[in-house]
Amino acid sequence: MFLRIDHVGIACHNLEETVQFYESTFGLTVVSREVNEEQGVREAMLHVADGEKGASYVQLLEPLHPDTAVGKFLARRGEGVHHIGYGVADVTTALAEIAGKGIRLIDERPRHGSMGASIAFLHPKDVRGVLTELVEAPDN
Ligand code: V0V
Ligand code: CO
């Protein structure tokens, strides 16, 4: 079902400072910056590698408000890994297959994600404590 690790989502208080840290420490490059009001985030994608089945990224996430998914996470747990995004060929098909196994879906239908992707989240309580995102890239 999974084609690649599309991205690792990392929660931070200050996006610009954290981007600078990733650029200067690891030599990564920002390839996209977006504000996603629906998800309550300001985010940057930093390219890590290209593979046969697509590219992988680090996604740095700053909350737009405290009362958002990432805002609540920061208040509870502090900065760190927030979610894993796996590349899939078709989010709708993958969601149906996963739902059929009894896993709780946060999103019943795909939403708009970074860089034109279709995304959907699975509940961390049903994925052994890991907030899991399915990502269908536009050029899949
Ligand atoms: C919360 N919990 C987590 C978690 N966030 N566990 C693992 N990883 C996380 N990131 C746990 C938390 O410790 C609680 O466990 C329980 O879930 C309920 O937490 P809560 O603080 O009451 O929070 P809720 O229920 O209000 O919301 C949690 C969920 C929410 C996961 C449902 O964050 C959500 O809907 N996330 C999906 C959307 C999202 O994360 N968007 C931002 C990224 P205990 O204490 O009860 O045991 S946007 C993005 O990635 C984009 C745009 C992209 O990739 O393109
Ligand atoms: Co993400």
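When a ligand or atom number is given, it counts from 1 through the structure's own listing order.
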Select one of side chain, backbone, both or neither to describe which atoms of [X] lie under 4.0 Å from any atom of ligand 1, heavy atoms only.
X: Pro124; result: side chain
X: His82; result: both
X: His7; result: side chain

### Query
Are Val8 and Val48 linked, directly or through other ILVMFWY residues, by side chains that come within less than 4.5 angstrom of each other?
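Yes; Val48 is reachable from Val8 via cluster members.
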
### Task
Report, in ascending order of atom number, the atoms of ligand 1 lying under 4.0 Å from any heavy atom of Gly113.
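Result: 55 (O).
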
### Task
Heavy-atom contacts with His83 under 4.0 Å: which atoms of ligand 1 show up? List them by number with element.
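Under 4.0 Å from His83, ligand 1 has these atoms: 43 (C), 50 (O).
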
Note the single closest protein heavy atom to [atom], along with its residue, its atom name and the distance in Å.
atom: atom 26 (O) of ligand 1; result: Lys72 NZ, 2.5 Å
atom: atom 44 (P) of ligand 1; result: Lys125 NZ, 3.4 Å
atom: atom 30 (C) of ligand 1; result: Ala69 CB, 4.0 Å

Between [options], which one has a non-hydrogen atom sitting closest to [atom]?
atom: atom 53 (C) of ligand 1; options: Gln59, Glu38, Met115, Gln39; answer: Gln59
atom: atom 12 (C) of ligand 1; options: Glu43, Arg76, Arg128; answer: Arg76
atom: atom 32 (C) of ligand 1; options: Leu131, Leu134, Ile106; answer: Ile106

### Query
In terms of side-chain geometry, is the basic nitrogen of Arg33 or Glu16 positioned less than 4.0 Å from the acidic oxygen of its partner?
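Yes, this pair counts.
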
Mind checking whether [X] has a heavy atom under 4.0 Å from ligand 1?
X: Arg111; result: no
X: Gly129; result: yes
X: Arg77; result: yes

### Query
Leaving waters out, which protein N, O or S atoms fall under 2.8 Å from the Co ion (ligand 2)?
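Result, waters dropped: His7 NE2, Gln59 OE1, His83 NE2, Glu133 OE1.
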
### Message
I'd like to check atom 18 (C) of ligand 1 in this structure: does the protein have a heavy atom lying under 4.0 Å from it?
### Response
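Protein heavy atoms within 4.0 Å of atom 18 (C) of ligand 1 - there are none.
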
### Message
Which residues pass the ring-ring contact (aromatic ring centres under 6.0 Å, His included) test with Phe21, not counting sequence neighbours?
### Response
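In terms of ring-ring contact (aromatic ring centres under 6.0 Å, His included), with neighbours along the sequence ignored, Phe21 is linked to no residue.
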
### Task
Could you list the residues that satisfy side chain to side chain contact (heavy atoms under 4.5 Å, CB included) with Lys72, not counting sequence neighbours?
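By the side chain to side chain contact (heavy atoms under 4.5 Å, CB included) rule, Lys72 matches Asp67.
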
In residues 93-104, what donor-acceptor pairs under 3.5 Å come from side-chain atoms, sequence neighbours left out?
{"residue": "Thr93", "atom": "OG1", "partner": "Asp90", "partner atom": "OD1", "Å": "3.0"}
{"residue": "Arg104", "atom": "NH2", "partner": "Asp126", "partner atom": "OD1", "Å": "3.3"}

### Message
Counting only nitrogen or oxygen atoms and a 3.5 angstrom limit, does Glu133 reach ligand 1?
### Response
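In this structure, Glu133 places an N or O atom under 3.5 Å from an N or O of ligand 1.
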
### Message
Tell me the closest heavy-atom pair linking His7 and Glu133, and the distance in Å.
### Response
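Minimum heavy-atom separation between His7 and Glu133: NE2-OE1, 3.0 Å.
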
### Leu105 atom CG, neighbour heavy-atom count above 12 within 6.0 Å
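Enclosed.
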
